[in-house]
Amino acid sequence: MSQTEWPLWEVFIRARRGLGHLHVGSLRAADTTMALQHARDLYTRRGEGVSIWVVPTDAIGASSPDEKDPLFDPAMDKVYRLPSYYRMPEGAERL
Amino acid sequence: MDPRASQPAFIPGAAELLAEVEAAESLLDQRGPAGAAAPAGGEEADLLAHFEAVIAADAKIEPRDWVPAGYRESLIRQIAQHAHSEIVGMQPESNWITRAPSLKRKAILLAKVQDEAGHGLYLYSVAESLGANRESLLTALHDGKQKYLNFINYPTLTWGDVGALAWLTDGAAVVNQVPLCRSSYGPYARAMVRVCKEESFHHRQGFDLLWTLSQGSPAQHTMAQEAVNRWWGPALAMFGPPHRDSTHSEKSMAWRIKRFTNDELRQRFVDITVPQAEILGLTLPDPALAWNSERGHYDFTPPDYEELKRVVAGNGPCNRQRLARRRQAHEQGEWVRAAAAAHAAKHSREDAA
Amino acid sequence: MNEKAVAYVLRLGDDALVAAQRMAALATWAPQLEEDVALANIALDLLGQARALLTYAGELEGQGRDEDLLAYRRDEHEFTSALLVEQPDTDFAATMVKLLFFSAYQRLLYEELSAGDDETLAAIAAKSVKEVAYHLSHACAWTVRLGDGTEESKRRMQTAVDELWPYTHELFASDSVWRGYGFDPAGLRERWLGIVEPVLAEATLERPVDDWAPTGGRDGLHTEHFGYLVGEMQSLHRAHEGVSW
C-alpha cells in the first residue's frame, strides 16, 4: 500500500424512515467528511437513502467463526466486516 | 424529459433478462441453510468439506469464510478485470460528453459514464472484501498485468458509436452479468444485482439513441449503421474464446463463480440482439446470420478470435492510448491524494491532542 | 415578451451551462474514482439547472427557441455567462477554487430568487439552492484539505485563488439587466466574502487584494478560452440541420 492510499470505510444507509441502516459496501476516503460526501454520491445516485453512516473498516469488530483462518494473514485483518451489499429494498429505480 | 419517452415500447429480450436479475435478487433475500458457518479453528480438510457443502447447497460464501486459495484467486482476477473494464470503459464514451448533440443526451451520457465509475467502485469494494487492495489492483492494471474487456480498445469515431457501443456491448455485458447475480460469493452477487439494474438503463439509452438516428436523416441513419458495423465484432468477442480454448472456465463453473460457457452466452446474446436490430431498422454485418429452426437459435459467424488475441495482447487500435490516459489521470491525482492524506494526518493528531 | 426577464434568466442559464460543460469534461480525470463520481454529480446538477433555465428563457422569449436551440445555435458573443465559469481547469486546485467561488455566489443568488415574485424562477431556484449548497460544502472541504495539506497543494491552491479571484468581481457588477428583473447580485458581495474569506483562512490561504476586475462576459465579450468551449460543444449539433437527436 502506498503512503497516500486513503483508508477504507464501510457505508451504511437507511433507505427510509422506519428501517435500520444496512451495509451497502465500502469506499476509500481521507477523512470523515469526504467519506460521507462520497458515500452520498456513490451509493445514493438514484435516491436510495435518507441517512448515511460511515465507519472506518479498521474500527469494526466482527464475530467470526473462523478467526484462526490460516489463509487470512494479519495484513488482511482490515477486512473484518459485515456481509456487504444488501440491496436497497425501497426506492431503487427499476430501469 | 423522460429519456425513455421516445423509445419503442418493447425491446425483445430486455424484460426477460431483468426478470432473471429480480429472481436472483429475491433468492438473496431468503435465508441460507442454518449453521452455514464453518467450525472454528477447524482442520483444513474440515474447512474444505464445509466450503464444498455450502457451494453444493447453492448457499452463499461470505467475507471471512474459509475458502480455497484458488477460489479466492479466481474471484479476485475476475472481479478486478470487471472493475478495470468499468473504469477504462469510461474513456470511449466520455470522448463524446462535451460534444453530445443535445443537452438531454449530454445528461444521459454523463450519468452513464458516472455509473461506470460507480460500478468500478462497487467491484473494487467486493475485491477488497476478499483481501485484495485497490491500489495494488490499479497498479496491476497500469502495468498491463491485469486486463480489461477487449471492446474498450476500439475508438468511438462518431456519435453513432456512442449508441452502438451501449446497445451492443452493454447488451452483451448484461447477458454476461445476469448469471453473476447468482454467483456463489455473496458480495459479488449482491453487487451484480445492483450493477445489472443500472446497466439495463445503459443498454436502453443506447438502443434509444440508435433508434432516433435510424429514424432520422439519411446522414444520421448511415452514422448509426456504420457504427453498428464497427461494433458487432467486438461485442461478439466480449464473450471470450470458445469454451474449449478458455483457460479458466472449468474451475469457475464448478465453483459457481460462473454458470454458463462463453459459447452459451454468446448464442444467447445473438438470439436476443437480432430481433432488436430489426426493430431498429439496422442490419447486423454478418451474411451468415439466419434463424435455424432445428437448433432453435440463430446461426452466425463467430468473431475473429485471432483479432481478439491481438487486441487482448495489447495491439488493438486504442490499447496504448487507454492505458496511458488511465496512468496519466492517476499520476496527475497523486498530489491531491497526498495532500488529503497529509491534511487528515495533521488533524487527527490535533483531535487526539 | 419581457426582454429584461429573458436577458436575466439567460445569464443564469448560461452560467450553469458553461460551468456544467467545463465540469463534465473532467470525467475520467479526477484524482480518485470516488471524486469522479462526485464531480459528475455536480456537473449533472449544473446541467439540470441550465436546462430548466434555458427552457424558461425560451418560453419567456416566445420565439419558439428551446433549451437546445439556445445552447447550440447561438454564437459565442450571444452567451452572457460570467468570465469566471469559462476559465480552464488547469489542475484540480483550479477546479475546486472555481467551484468554491461560483457555488457560493449561486447559493446566495438562488436563495434570494427562491423568495422572488417570479414563481417559475423561484421554483427552479428553490430546487437548485439545495444542489449548490452541496457543491459549496464539497468545495469548502477540498479547499481546506488542499490549502492545509502539503507544500505542493498549498502552492497550487494559492495560485488558483490568485488567478481566479479577479474574475469574481464581475459576478457582482450591477447593470441594467441585473437591476431590471429578479434580484440584483450586486448587493451580495459582502455576504459572499462572508462565506469565502473564512474558508480561505481555515485553509491557511491568503485572500488576494482587490485590484484587476475584468468584465465583459455579461455583454458577450469573453476570454479566448470561450470560443473553443462553444465550438466543441456545438460542433456535432451544427453539422446536421433540422434533425432530432
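Below, read A as the first sequence line, B as the second, and so on, with proteins coming before strands; counting in each chain starts at 1.
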Check your understanding: What parts of residues 232-245 of chain C touch chain B if we use heavy atoms and a cut-off under 4.5 Å?
Key -> C:Glu232, C:Met233, C:Ser235, C:Leu236, C:His237, C:His240, C:Val243, C:Ser244, C:Trp245
Practice item. Could you tell me which non-hydrogen atom of C:Ala27 sits nearest to which non-hydrogen atom of B:Ile97, and how far apart they are? Key: CB-CD1, 3.9 Å
Check your understanding: So do B:Gln114 and C:Asn41 actually touch side chain to side chain, heavy atoms under 4.5 Å?
Key -> yes
Exercise for review: Measure B:Leu103 against the heavy atoms of chain C and call it side chain, backbone, both or neither at under 4.5 Å.
Suggested key: both
Could you give the side-chain donor-acceptor pairs of residues 148-155 of chain B under 3.5 Å, partners two or more places apart or in another chain?
residue, atom, partner, partner atom, Å
B:Tyr148, OH, B:Asn153, OD1, 2.6
B:Tyr154, OH, B:Glu307, OE2, 2.4

Study note, to complete from the structure: Looking only at C:Gln32, C:Arg156, C:Glu152, the option with the highest number of non-hydrogen pairs under 4.5 Å against chain B is C:Arg156
Practice item. Anything in residues 78-104 of chain C with a heavy-atom distance to chain B below 4.5 Å? Please list those residues in order. Key: C:Asp91, C:Phe92, C:Ala93
Point to revise | Any residue meeting side-chain hydrogen bond (donor to acceptor under 3.5 Å, both in side chains) with C:Tyr105, in chain and number order, not counting sequence neighbours | key: C:Arg218
Practice item. Answer with side chain, backbone, both or neither: which region of B:Val336 has an atom nearer than 4.5 Å to a non-hydrogen atom of chain C? Key: both
Review point. Under a 4.5 Å heavy-atom cut-off, does chain B meet the side chain of C:Leu47, its backbone, both or neither?
Key: side chain
Review point. Which one, B:Gly216, B:Ala338, B:Ala107, B:Ala117, leads in non-hydrogen pairs under 4.5 Å with chain C?
Key: B:Ala107
Point to revise | Option among B:Gln91, B:Arg326, B:Arg325 that satisfies the side-chain hydrogen bond (donor to acceptor under 3.5 Å, both in side chains) test with C:Thr28 | key: B:Arg325
Check your understanding: For C:Ala25, is it the side chain, the backbone, both or neither that has a heavy atom under 4.5 Å from a heavy atom of chain B?
Key -> both
Practice item. Evaluate whether atom NZ of C:Lys154 has more than 12 neighbouring non-hydrogen atoms of other residues, nucleotides or ligands under 6.0 angstrom away. Key: yes
Review point. Between C:Leu17, C:Val144, C:Leu39, C:Leu229, which has the largest tally of heavy atom pairs under 4.5 Å with chain B?
Key: C:Val144
Exercise for review: Can you measure from OG (B:Ser102) to OH (C:Tyr72) and round to the nearest 0.5 angstrom?
Suggested key: 5.5 Å
**Study point:** Sidechain N-carboxylate O distance under 4.0 Å for B:Arg134, C:Glu34
**Key:** yes
Review point. Looking at side-chain heavy atoms only, is the closest gap between B:Lys104 and C:Asp68 below 4.5 Å?
Key: no
**Study point:** Check: C:Asp36 and B:Met90 side chains under 4.5 Å, non-hydrogen atoms
**Key:** yes
Point to revise | Contact winner vs chain C - B:Lys106, B:Glu93, B:His330, heavy-atom pairs under 4.5 Å | key: B:Lys106
